Amino acid sequence: MQDYLKGLNEQQMAAAMHMKGPLMIVAGAGSGKTKVLTTRIAYLLANGVDAFNILALTFTNKAAAEMKERITKMLGNNEARNLYIGTFHSVFARILRGEAHRIGYPNSFTIYDGDDSRSVIKTVINELNLDDKHYKPNVVQSRISQAKNALVGPAEYAMDSAIQQEDMRSNRPAIAQIYQAYAARCFKNGAMDFDDLLLKMHDLLKNFPEVLHRFQHKFKYIMIDEYQDTNPVQYEITKLLAAANENICVVGDDAQSIYSFRGATIENILQFQKDYDDVKVIKLEQNYRSTKSILHVANEVIKNNKGQIPKDLWTENDGGDKIRLVRTMTDNEEGRFVADTIQEQKLRYHYYNRDFAILYRTNAQSRAFEESLRRMGIAYKIYGGLSFYQRKEIKDMIAYLRVTANTRDEEALKRIINYPVRGIGKTTIERAVIVANEQQITLWEVLNRAAEFGYKAGTLEAIQNFVTMIRYFQSMLADKNAYDVAVQVGKHTNLVKELFSDKTTEGLARYENVQELLNSIKEWTESPSNDDGEVGDKTLGVYLQQITLLTDADNEKEDADVVKLMTIHAAKGLEFPVVFVGGVEESIFPSGMSINTREELEEERRLFYVAVTRAKHKLWLSYANARYRFGNLVQNEPSRFLDEMPEEYIDKSYAGGGARNQGGMSNQGSAFERMHRGFGNDAAAAERMYGPPPSKKKETAKPTYLPVQPPASKVVEHKPSADFIPSDTSNLQAGQKVEHQKFGFGEVVKMEGSSHNPIATVLFKTNGEKKIMLNYAKLRIVE
DNA sequence: GTTAGTGACGTTTTT
DNA sequence: CGTCACTAAC
């Protein structure tokens with residue numbers, strides 16, 4: 001037997017060695033699902049299946065990357081590179097990149113993220129003279145998204161009586177009209193939103209039999225991870241692809257279905273068994289992750305949901321500690337408790353930062369934890385929330401690149417046409433948009449032919465200068481890579497210069513972010529393959545399509561020793577030795593938005609199940625009597641889910657002895673308890689007993705915490721010398737002394753980067769080491 | 001055409 | 001509390 005099959009249990013082995021025909025693996029939390037999937041792929045390869053014929057679809061880039069990595073390790077060669085492993089969205093984007101012309105899109109179509117699409121919806125609402133107070137872009141967006149995920153196009157939407165009744169009931173009869181206009185506008189812009197990547201893929205397979213045939217032939221073996229999270233479009237696409245060979249293997253756990261708001265339906269699991277004649281079903285019920293306490297609590301809580309697929313999840317692991325229940329007065333106190341406990345656990349049991357995760361229901365809850373961790377000097381990283389690519393300065397820069405790659409992209413064009421300010425104001429743009437709509441041409445074309453539309457001389461000149469500049473960028477597309485184009489854009493738009501001359505701390509941070517963007521483009525350009533494994537094309541168009549599908553969890557450095565903070569949704573599929581779940585309160589968890597129907601509540605319960613089953617050894621659940629919301633204090637009851645947990649596995653000694661608080665009147669008692677239990681001093685006590693934690697022992701040059709943005713206040717302001725004149729730095733060498741307008745005096749440590757984009761690493765006397773891009777920064781050579 | 005200041009409004013979860 | 005959109009004055 002091959003090495004890689006060793007160590008699998010009976011069910012895992014059966015699943016991994018299943019070669020032909022439809023297979024459904026019902027995999028409980030922590031039952032070795034990824035191991036089975038990867039082993040199965042290795043097994044297929046070992047038994048003569050060509051890597052080029054295997055498609056594996058996941059929901060996150062991270063899951064895809066992990067699979068690929070594990071398979072590479074198992075095989076000990078590079079065969080994994082030929083596998084088609086990726087998220088639904090990135091795999092379909094890649095296919096559409098080659099086929100988009102068939103459905104009227106440019107192959108370098110733009111991908112709109114949620115913000116982009118909301119902004120287009122807003123534009124459309126306004127153009128239809130509807131009130132965006134009533135037609136809230138968020139609401140409209142989610143209606144449209146639901147429709148797309150259910151394979152309902154604009155025409156079907158308008159004809160469907162159930163949908164129309166629903167919209168009438170909420171007094172928003174014009175959503176059908178908005179949907180229609182939105183779809184038309186995206187098409188005109190040569191852009192697809194996230195849902196379109198699925199929908200257009202489906203259209204493509206449905207309407208072009210030769211394409212369908214080609215991919216059916218290519219993907220002879222299909223695997224789908226997290227099957228319980230697929231929506232109807234995804235279901236239909238995979239059904240189409242699998243129809244010829246029926247070698248389709250799906251893995252899922254109905255108890256972990258938490259994306260119904262995105263159109264996912266557990267129905268797909270049930271339907272799967274009906275769609276194929278001889279579906280083999282294998283259940284993985286042994287949990288290898290958690291202690292008995294944790295697993296029992298999870299099992300007991302999920303039992304309150306109706307109609308789960310019968311499963312008996314068990315473990316041979318130790319009983320482990322009881323689950324600790326913690327009550328605090330406020331959210332800030334909750335944050336302090338968690339930070340303090342992490343410190344204490346580190347000292348007492350020698351955990352690393354990376355062993356801890358703090359999970360919560362909503363992103364807004366991260367702040368209290370963040371502040372406390374920062375105060376304690378514990379390294380952490382927040383996942384989700386505002387991603388790097390959502391920052392304004394990054395979006396601006398990317399908008400330029402987008403316009404360059406696809407001039408039909410009106411959203412991007414409007415964003416940058418007058419930024420930095422170049423005298424093309426609101427009225428000018430409005431007029432151009434009207435002309436574009438009237439003449440059925442793109443905004444870009446209007447600008448190109450601006451002379452025909454009677455603009456004032458000054459305005460006309462401004463427009464023409466802008467057009468000339470973008471055209472110059474475009475002229476580079478054919479024979480320059482993404483990075484070279486981006487550098488030119490940075491130079492000629494004054495964007496970088498403008499940020500550089502902004503001397504505020506925020507301005508500096510923005511400037512550094514843009515530099516970081518340029519660096520990452522460079523890195524991407526120089527790496528042999530793209531993130532989804534595709535080898536080759538380093539053009540701007542490919543780059544742009546790819547980054548839109550990237551989340552900041554994907555750029556993670558695995559080995560970073562940091563406490564991880566994220567929503568429970570983001571934590572799915574991950575595991576941590578020690579887990580804290582915060583805000584286990586009514587109206588937060590379960591969310592106040594999801595307690596009106598049984599279905600909603602059950603999804604919240606599954607989410608709770610996911611949260612609990614992330615923990616391997618230890619689990620803390622905390623709730624606050626009151627927390628800040630919109631700036632004022634509101635009170636919450638402890639979550640109903642706490643009542644569903646079996647008493648014998650719960651340690652309530654941190655919850656004032658009982659799971660229920662005393663209706664908010666117990667402020668005195670709680671504060672009193674707190675002082676006498678003194679949990680605020682546990683870490684201090686532990687430090688006296690066990691000595692300082694590893695991070696405190698060796699005082700390294702690196703800070704003990706790694707915030708997402710370095711605290712900008714740390715820059716010691718420097719007044720440039722009176723005779724500060726930027727030197728010619730084209731021949732700068734390591735060892736030379738220089739002066740920077742902001743960072744002060746320092747010595748060049750290292751020179752890197754290409755000749756047209758040199759980067760100097762400078763060690764400043766007052767501000768430490770900085771990477772300086774010489775194309776943008778001004779340095780005076782001192783000696 | 002640009003900018004600064006004020007008021008209304010919002011928080012579920014994500015590729 | 002913080003962001004964003006709209007209004008009033010340069």
Side-chain angles (χ1 to χ4, degrees), chain A residues 57-64 86-93 111-115 117-119 122 126 132-133 136-139 141-142 145 148-149 192-199 226 229-231 233-234 257-264 331 359-368 383-387 389-390 392 418-430 456 458-459 462 532 546-554 566-573 583 587-596 600 603-604 606-608 610-611 627-634:
Chain A
L57 295 170
T58 65
F59 275 84
T60 63
N61 293 301
K62 207 181 161 194
T87 65
F88 280 90
H89 291 85
S90 72
V91 166
F92 297 166
I111 298 174
Y112 281 161
D113 67 15
D115 291 339
S117 101
R118 194 172 320 111
S119 143
K122 216 172 189 174
N126 289 328
D132 64 3
K133 291 264 155 41
K136 294 197 179 92
N138 277 325
V139 174
Q141 184 183 30
S142 113
S145 175
K148 286 186 175 180
N149 285 323
M192 298 192 199
D193 64 20
F194 285 149
D195 301 318
D196 284 332
L197 293 175
L198 309 177
L199 201 60
E226 308 281 15
D229 289 330
T230 53
N231 61 37
V233 206
Q234 289 165 325
S257 163
I258 55 173
Y259 280 108
S260 73
F261 69 92
R262 212 165 78 183
D331 47 355
L359 309 180
Y360 34 78
R361 178 67 238 271
T362 66
N363 281 306
Q365 286 168 256
S366 67
R367 181 175 293 161
Y383 292 85
L386 247 204
S387 90
Y389 297 104
Q390 282 174 302
K392 185 190 173 301
N418 198 33
Y419 181 81
V421 183
R422 53 173 69 85
I424 307 177
K426 215 173 96 188
T427 39
T428 307
I429 300 166
E430 258 166 26
K456 278 191 296 188
T459 312
D532 59 1
Q546 190 180 262
I547 52 155
T548 313
L549 299 173
L550 235 48
T551 59
D552 51 329
D554 300 324
M566 65 186 90
T567 64
I568 298 159
H569 282 88
K572 198 173 73 155
S587 93
I588 291 190
F589 198 7
S591 159
M593 316 289 291
S594 308
I595 47 173
N596 298 316
E600 285 173 351
E603 177 143 325
E604 293 289 309
R606 290 193 292 270
L607 194 55
F608 187 78
V610 169
R627 68 175 59 233
Y628 284 93
R629 214 176 189 187
F630 297 126
N632 38 4
L633 212 56
V634 294

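Just so you know, these numbers come straight off a predicted model, no measurement behind them. Proteins come first, then strands; the chains are lettered A, B, ... in the order of their sequence lines, and each starts at number 1.
Separation of the C1' atoms belonging to C:dC4 and B:dT13 is 23 Å when rounded to the nearest angstrom.
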- Message: Across nucleotides 10-15 of chain B, 5' to 3', mark each nucleotide with B, S or - according to how protein heavy atoms within less than 4.0 Å reach it.
- Response: BBBBBB
- Message: Each nucleotide in nucleotides 4-10 of chain C should get exactly one letter: B, S or -. Can you fill that in based on protein heavy atoms under 4.0 Å?
- Response: -S-----
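At a threshold of 4.0 angstrom between heavy atoms, the contacts of A:Asp113 with the nucleic acid are absent.
A:Phe589 places none of its side-chain heavy atoms less than 4.5 Å from the side chain of A:Gln365. The shortest side-chain heavy-atom distance between A:Lys148 and A:Leu198 does not fall under the 4.5 Å cut-off. Side-chain contact check for A:Arg627 versus A:Ile588: some heavy-atom pair is nearer than 4.5 Å. For the pair A:Ile568 and A:Tyr360, the minimum side-chain heavy-atom distance is 4.5 Å or more.
Summarising the geometry, the separation between OH on A:Tyr419 and C1' on B:dT3 is reported as 14 Å, rounded to the nearest angstrom. A:Asp115 places its CG atom 14 Å from the P atom of C:dT3, with the value rounded to the nearest Å.
Note that A:Lys392 lies in the cation-pi zone of A:Tyr419, set by a 6.0 Å cut-off to the ring centre and a 45° limit from the axis.
Using a distance-only test at 3.5 Å, with no hydrogens or angles considered, a donor-acceptor pair links the side chain of A:His569 to the main chain of A:Ile258. The closest donor-acceptor contact from the side chain of A:Glu603 to the backbone of A:Glu600 lies at 3.5 Å or more, if one exists at all. Using modelled atom types, one side-chain atom of A:Asp331 and one backbone atom of A:Tyr628 make a donor-acceptor pair closer than 3.5 Å.
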